[in-house]
Amino acid sequence: LDYKGSVLLKSCLLGVFSCNSSATFFIEKHISLIMIRTYIAANRDRFLEEWASLIRIPSVSCQPAHKEDMLLCAKRWCELLLEAGAQKAEIMPSEGHPFVYAEYTASTQNDNIPTVLVYSHYDVMPVEPLDLWKSNPWEPDIREGRLYARGADDDKGQAMIQVKAFEYLVKHGLMNCNVKFIFEGEEEIGSPSLDTFLKEHKELLACDIILVSDTSMIGKDTPSITTGLRGLAYWEIEVIGPNRDLHSGHFGGAVKNPINALTEMLAKVVDEQGRITIPHFYDDVLPIPEAEREMIAQIPFSEEAYCQAIDVDATFGEEGYSTLERNSCRPSFDICGIWGGYTGEGSKTVLPSKAYAKVSCRLVANQDHEKVSQAFVDYMKSIAPAGVRVDITPMHGGQGYVCPIDIPAYKAAEHGFEVAFGKKPLAARRGGSIPIISSFEQILGVKTILMGFGLEKNAIHSPNESMDLEVWENGIVAVTEFYRAFNL
């Protein structure tokens, strides 16, 4: 069937079965699926060439040599958004690289239709080391069902999923939402201009839900929606003892060793049950809903394979929780680096004057990173032994995020994945942090749906980054169905 044939067949079948609600639902679902897949197939070559036109622009935000490329990429996105059906698209300046803004207002008599804000980023990571790439990172190469290039997934490929779903709906009069797009050029360098931009344009960006495709699924055959991200607090600790390095024979046992003091203090932060001992640390930690714990239990996971992959003989963590719950839904504390004294070749019997460590906490939704940061500083100073002074410098932090799985937008995303991939997606929290998501919630006051279509195999940020083309096309279907199902 071509597209017109699909429309005709759908009309005929709906006429025949107009009195049968279950048949009508079946026809709507399956003929609509045929229609979008037919459209993708008919326009596949054009889609790939438009995607390639973005990839060929080396929009590396962290390298000043690519400043003009950043602007070229922003301009190209404006062209593509207008061609897809946006009524307006423009480049908006910021303190750093520019933003791309576009919008579409649906033609409808209904004043209560939702507004969706689609976020993405057009900057990419550097491609070095070049010798590890099997093909030119700035020229898409399709092999074995995958497209290889820098930005194939993160995030030009995933952004194209959003734009092509939007194009299909607009061109066929099916878009039932107002849509706004905001694409930034600094995500790969920490989005330094984003918060200011959000505050300055809060009214322009007003919406009911934010849609982001910049995350991953559990697997190609295990679709999932990211429902939570952990926050972060990070510190550098300096423990200061005597005014100079001392001879360990003359002073050992009589003067407190700063490295000994530091390790003793850090050893007290996590107890034998895997609980963090900072006073009031768990006051704002919310329990994991039982429905979510049941979904986590369905995620394919082998404890043995997990240990083998990282060459450890056992896992460790907070008692009462599974490994997948510990590394995504519960907070953690880690020593990221520790140093001091003599670490060169051979031996030097020295009692060092200073010791240092870098430590971090992954936080969960509802924990305030500034509150936790101060609590850690107070706690460490309270347990510091006599004979040393402790200085702690908070480095950076960010809030965690959790998306309820019972809101209309999540249900619409869940429907989209189920139609596109043939099975209901799992709700899966991730252990990492994406600070911009908490910025959206704090500044715009809106929840974000993370409809990501990446896979671990895609090797984002690494040589030979790629995107599975079957997953990419399924992503277009999933986003299309999201809009068709989303109502406030």
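Of the residues listed (H369, Q399, R362), the one engaging S433 in a side chain to side chain donor-acceptor pair (under 3.5 Å) is R362, and it is the only one.
Side-chain polar atoms of W235 and S373 form a donor-acceptor pair below 3.5 angstrom. Side chains of N327 and R230: no donor on one and acceptor on the other come within 3.5 Å. Using modelled atom types, one finds a donor on one side chain and an acceptor on the other under 3.5 Å when comparing D378 with Q374. Using modelled atom types, one finds no donor on one side chain facing an acceptor on the other under 3.5 Å when comparing S216 with E456.
Once rounded to the nearest 0.5 Å, the distance linking CG of N366 with CG of L286 reads 4.0 Å. To the nearest 0.5 Å, atoms CE (M125) and CG (D123) are separated by 8.5 Å.
For residues 390-409, every residue pair satisfying the ring-ring contact (aromatic ring centres under 6.0 Å, His included) rule, not counting sequence neighbours, is listed here: Y234-H396. Identified under the side chain to side chain donor-acceptor pair (under 3.5 Å) test for residues 337-349, with sequence neighbours left out: none.
In terms of heavy-atom proximity, A459 sits nearest to N464 at CB-O, 4.2 Å. For the pair P352 and G341, the tightest heavy-atom approach, listed with the atom from each and the gap, is CB-CA, 3.5 Å. Of all heavy-atom pairs between F417 and P223, the closest is CD2-CB, 3.9 Å. Considering all non-hydrogen atoms of both residues, I449 and A413 come closest at CG2-CB, 3.7 Å. Between V364 and C329, the shortest heavy-atom distance links the atoms CG1-O, 3.2 Å. Between I55 and A152, the shortest heavy-atom distance links the atoms CD1-CA, 4.3 Å.
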Check the pair R56, E139 against salt bridge (charged side-chain N to carboxylate O under 4.0 Å, His left out), reporting the backbone distance first and the verdict last. CA-CA 6 Å; R56 292 186 184 112; E139 185 59 45; 3.0 Å; yes
What's the verdict on side chain to side chain donor-acceptor pair (under 3.5 Å) for E186 and S193, showing C-alpha distance, side-chain angles and the deciding distance? CA-CA 8 Å; E186 298 182 330; S193 304; 2.7 Å; yes
Intermediate values then yes/no, side chain to side chain donor-acceptor pair (under 3.5 Å), E441 and T448: CA-CA 8 Å; E441 186 165 22; T448 297; over 6 Å; no
Step by step, work out the side chain to side chain contact (heavy atoms under 4.5 Å, CB included) result for L229 and L450. CA-CA 10 Å; L229 299 161; L450 294 160; 3.9 Å; yes
Test side chain to side chain donor-acceptor pair (under 3.5 Å) on D195 and S439; report intermediate values, then the result. CA-CA 7 Å; D195 281 14; S439 293; 2.8 Å; yes
Does the pair E188 and S61 meet the rule for a side chain to side chain donor-acceptor pair (under 3.5 Å), with working shown? CA-CA 7 Å; E188 299 293 12; S61 55; over 6 Å; no
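Counting heavy atoms from C-beta on, the side chains of L363 and V372 come closer than 4.5 Å. Proximity of Y148 to W133: side-chain heavy atoms (C-beta onward) are nowhere separated by under 4.5 Å. Side-chain contact between P93 and P98 is absent, with no heavy atoms from C-beta onward closer than 4.5 Å. By the 4.5 Å heavy-atom criterion applied to side chains, E470 and K220 are counted as neighbours. A heavy-atom distance below 4.5 Å is found between the side chains of V179 and V118. Residues S353 and I240 are not in side-chain contact: their nearest non-hydrogen atoms beyond the backbone lie 4.5 Å or more apart. Side chains of S120 and E187 form no contact here, defined as non-hydrogen atoms less than 4.5 Å apart. Counting heavy atoms from C-beta outward, Y356 and I259 have side chains that stay 4.5 Å or more apart.
The main-chain N or O of F453 is found under 3.5 Å from a side-chain atom of Q158 such that the two form a donor-acceptor pair. Although no hydrogens or angles enter the test, the distance criterion places no donor-acceptor pair under 3.5 Å between the side chain of S466 and the main chain of R146. Although no hydrogens or angles enter the test, the distance criterion places a donor-acceptor pair under 3.5 Å between the side chain of S328 and the main chain of L324. In this structure, the side chain of Q367 engages the main chain of F281 through a donor-acceptor pair within 3.5 Å.
Contact check on D141 versus R143 returns a salt bridge, with a Lys/Arg side-chain nitrogen under 4.0 Å from an Asp/Glu carboxylate oxygen. Note on D284 versus K371: salt bridge recorded, some NZ/NE/NH1/NH2 to OD/OE distance being below 4.0 Å. Salt bridge absent: E418 and K423 never bring a charged side-chain N and a carboxylate O closer than 4.0 Å. In summary, K180 and E103 do not engage in a salt bridge, as defined by a charged side-chain N under 4.0 Å from a carboxylate O. A salt bridge links R429 with E292: at least one charged nitrogen is closer than 4.0 Å to a carboxylate oxygen. Ionic pairing of E90 and K75 is not present here: no N-O contact between side-chain nitrogen and carboxylate oxygen is shorter than 4.0 angstrom.
Under the rule for a salt bridge (Lys or Arg N to Asp or Glu O under 4.0 Å), the partners of K424 that lie at least two apart in sequence or sit in another chain are E414. Qualifying side-chain hydrogen bond (donor to acceptor under 3.5 Å, both in side chains) partners for Y119, counting only residues two or more places apart in sequence or in other chains: E184. For E325, the salt bridge (Lys or Arg N to Asp or Glu O under 4.0 Å) criterion is met by R293, not counting sequence neighbours. The side-chain hydrogen bond (donor to acceptor under 3.5 Å, both in side chains) check on R76 picks up S53, E79, with sequence neighbours excluded.
Taking the six-membered ring for Trp and the full ring otherwise, F197 and H201 have centroids separated by under 6.0 Å.
Classification of the F183-F181 ring pair by plane angle, with boundaries at 30° and 60°, yields perpendicular.
Y321 does not carry R326 over the face of its six-membered ring by the limits of under 6.0 Å from the centre and within 45° of the normal.
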